[in-house]
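Comments concern the structure below.
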Amino acid sequence: MLFDHELAWINEKIYNEIYKNSISNTADFWEYHIQSISWHKTPYDIFDHKTKSWLSGGVANVCYNCVDRHAEQTPNKPAIVWHGDEKGVRREISYKELQRKIVEISSLLLSKGIKKGDVVGIHMPMTPDAVASMLACARIGAIHLVVFAGFSANSLAYRLEMSNAKVLITSAETRRGGKPIKIKENCQEAIAIMTNKPELIVIDEVNLFNNLKLNEHLELCTDKDDLFVLYTSGSSGKPKGIIHSSLQYILYAATTFKFVFNIDPHDIYFCTSDIGWITGHSYITYAPLFHGLTIVMFEGTPIYPTADRYWEIIERERVSVFYTAPTALRSLQTFDENFVKKHDLSSLKVLGSVGEPINKKAWEWYFNVVGNRHCPIVDTWWQTETGGIVLAPLLDINNQKPCIAGKPFFGIKTDIVNTDSKRVTQPMEEGRLIIENNWPGMCRSVLYECEYSQKSTSKNQTCKNIFLNQYFEDNKFITGDGALYDEDFDIKIIGRLDDVINISGHRLSTIEIEEAIYKVNTVKDCAVVAIDHKIKGQTPFAFVVKNLVDECEDELKKSIIESIRKYIGPIAKPDYIVFVEDLPKTRSGKIVRQLLREIVMNREYDITTISSVHNKEILLSIVQTVSDISVN
Ligand code: WT7
């Protein structure tokens with residue numbers, strides 16, 4: 001059987017063969033791989049072309065697949081090895097213990113009346129309790145909504161309110177970089193400004209589980225049931241809630257994980273993402289536990305108390321697969337190489353990169369210094385919407401190409417199209433990356449602000465229509481990223497083509513930041529563009545027009561930063577704020593951000609296309625202002 005390829009160290013020839021077949025017989029490919037799921041009822045149909053639905057008739061529980069079945073077979077195997085913020089603080093949780101923890105949390109949720117389809121907010125640090133809380137929701141069919149611990153009370157409140165969350169789970173406290181983080185207070189602040197207030201559960205509160213009657217209930221989920229909602233930013237000002245299915249999602253996350261990283265059950269797997277992002281959902285929680293691996297979780301920052309925390313943990317736990325983001329590599333690369341070299345990293349077999357384009361310098365350091373030239377690097381491209389990895393290189397140590405995301409995963413047909421929507425056929429020609437067919441991991445629907453009044457995550461019809469309009473053109477999924485082929489027709493990602501900014505792998509919209517700036521009364525107008533940054537990849541550059549000409553600029557800058565902290569969180573803080581007299585706009589009043597971006601990046605720009613004299617004057621004055629600032 002061709003799809004029964006246990007070895008994921010697939011060479012190009014085998015890849016091509018499986019890929020070709022997976023495109024012509026997509027349902028057969030997935031039919032083979034659904035066997036890894038423990039079904040209550042096996043689906044009677046893999047893919048229905050008419051309704052574009054996957055796994056019809058399938059019934060299973062995601063938590064059972066990720067934990068219970070392993071708790072039966074390998075009860076004492078560590079499921080999670082957790083390292084705290086301070087060196088040496090370490091805890092091991094076996095599959096059996098994890099199962100017990102999950103049952104406690106799900107029993108508590110049930111006792112509070114939470115049922116299938118209800119939304120449960122999770123605002124927690126990187127602890128086993130956080131993973132257990134997600135799985136407790138999955139166990140009873142509740143939909144979790146994880147909000148990254150770095151988001152402000154306002155952002156948290158917005159997401160909870162939009163998705164009508166019934167309870168919010170948090171922790172009493174957390175530490176990061178040696179400092180306490182007031183996560184519980186952030187939740188209380190969020191609830192205080194909400195209209196429909198969720199009940200707050202502080203998971204590590206003493207006596208919380210005393211006198212609680214354990215309820216082992218496992219909710220059976222069908223192909224129609226959802227697993228979670230996760231907010232991300234698009235081109236519009238307001239974050240949107242991406243909703244993922246249960247069965248289709250776990251199938252896609254688990255299968256991509258196995259192939260892309262060549263997973264075997266003995267792997268010790270360490271992913272440095274946060275559960276607040278899709279990577280933390282698919283490739284910290286769901287896929288690795290589905291395969292019964294031991295996962296390493298780290299609550300602190302890689303440079304506290306010393307810049308070798310990752311390397312020390314890899315050595316201590318004998319990590320074999322390590323998955324991180326380019327921004328972390330760029331930052332760690334600035335420290336002495338000895339921080340890496342003094343640790344024995346020989347257990348590593350595969351290195352992964354995710355979240356943003358990896359630059360050559362960071363790639364080479366990762367390959368040479370961290371991997372000691374014996375670990376292939378998989379540069380994985382995907383999105384919150386795609387549920388799992390879409391592009392990744394082959395694990396071929398003899399054919400490593402820096403900064404190339406490589407090839408589409410089995411069953412996925414990608415394409416690059418140019419501005420006339422014509423398919424790109426030549427290497428090096430840039431175009432828009434699109435996906436031409438359906439895959440199981442594709443998100444089900446999207447929650448928008450306008451839908452809040454309807455308070456529903458299950459009105460698939462309405463959601464779907466909005467969703468289709470936003471992402472699809474002629475049935476093709478528009479990713480929003482630019483890409484090109486290299487000379488071997490492997491795909492290289494250029495970056496976003498829309499108003500999405502990627503700050504240290506955190507996806508935000510420039511319009512969202514502008515809205516936070518507008519909240520400051522004395523701001524008349526503003527424009528935010530993304531510019532390159534040595535460590536963060538990108539950072540916001542804000543142009544601001546003052547209401548009152550003689551207002552103190554330093555004071556206004558402070559208010560702007562404060563407002564961004566308040567409405568989004570510290571991650572969105574611009575590195576540059578400049579005051580200008582006016583902003584260039586099109587006739588219909590749209591700010592010409594692209595031009596501003598080219599000016600600050602010192603790229604070639606062309607103002608001859610700008611028609612009005614007024615705009616030309618504005619631009620020339622902006623060029624003047626910007627030339628005084630040095631941008632790295
Ligand atoms: C955007 C999606 C992928 C999960 C975490 C981020 C950028 C992601 C890569 C990569 C170049 C990448 C894209 C994409 N991106 N991975 N390997 N190379 N760019 O998920 O927050 O939904 O962001 O991140 O621009 O569209 P996300």
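None of these values were measured; they are calculated from a predicted model. Read the numbers this way: they start at 1 and go in the same order the structure lists the ligands and their atoms.
- At a heavy-atom cutoff of 4.0 Å, ligand 1 is contacted by the backbone of E356 but not by its side chain.
- Here the shortest heavy-atom pairing between T327 and K536 reads OG1-CA, 3.7 Å.
- Using a 4.0 Å cut-off to heavy atoms of V354, the atoms of ligand 1 that qualify are 3 (C), 4 (C).
- Proximity of E356 to R507: side-chain heavy atoms (C-beta onward) are nowhere separated by under 4.5 Å.
- Exactly one of I295, V350, V319 qualifies for a side chain to side chain contact (heavy atoms under 4.5 Å, CB included) with Y269. That residue is I295.
- For atom 23 (O) of ligand 1, the closest non-hydrogen atom on the protein side is R507 CD, 3.4 Å.
- A tilted orientation is assigned to the rings of H281 and F228, their planes being inclined by 30° to 60°.
- Checking H244 against D226 by side-chain atom types alone, no donor-acceptor pair falls below 3.5 Å.
- The shortest N/O to N/O separation between S353 and ligand 1 does not fall below 3.5 Å.
- For ligand 1 and T279, the ligand atoms under 4.0 Å from any heavy atom of the residue are 4 (C), 5 (C).
- If you look at T384 next to ligand 1, the close heavy atoms, those under 4.0 Å, come from the backbone and the side chain alike.
- Checked by distance only, ligand 1 and T479 stay at 3.5 Å or farther apart across all their nitrogen or oxygen atoms.
- Here the two rings, on H33 and F259, have centers that are under 6.0 Å apart.
- Ranking the protein heavy atoms by distance from atom 26 (O) of ligand 1 puts D481 OD1, 2.5 Å first.
- The structure places CD1 of I314 at 4.5 Å from CZ of F322, a figure rounded to the nearest 0.5 Å.
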Practice task
Take E429 and L484 through the side-chain contact (heavy atoms from CB on, under 4.5 Å) test and state the conclusion after the steps.
Solution key: CA-CA 6 Å; E429 184 186 341; L484 55 79; over 6 Å; no
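- Rounding to the nearest 0.5 Å places CG of L433 at 6.5 Å from CG of D481.
- Under 4.0 Å from ligand 1, not a single heavy atom of V500 appears.
- Numbered from 1 in the order shown, with element, the atoms of ligand 1 that lie under 4.0 Å from a heavy atom of I493 read 11 (C), 19 (N).
- By the 6.0 Å and 45° rule, R159 stacks over the aromatic ring of F151.
- Residue-level proximity to ligand 1 for N502 is carried by the side chain, the only part with a heavy atom below 4.0 angstrom.
- Each of the atoms 14 (C), 25 (O), 26 (O) of ligand 1 lies under 4.0 Å from some heavy atom of R496.
- At a 3.5 angstrom cut-off on N or O pairs, E385 does not count as close to ligand 1.
- Nearest protein heavy-atom contact of atom 2 (C) of ligand 1 is W382 O, 3.6 Å.
- Counting protein heavy atoms only, atom 24 (O) of ligand 1 is closest to G355 O, 3.3 Å.
- Taking atom 11 (C) of ligand 1 as the reference point, the nearest protein heavy-atom neighbour is P357 N, 3.1 Å.
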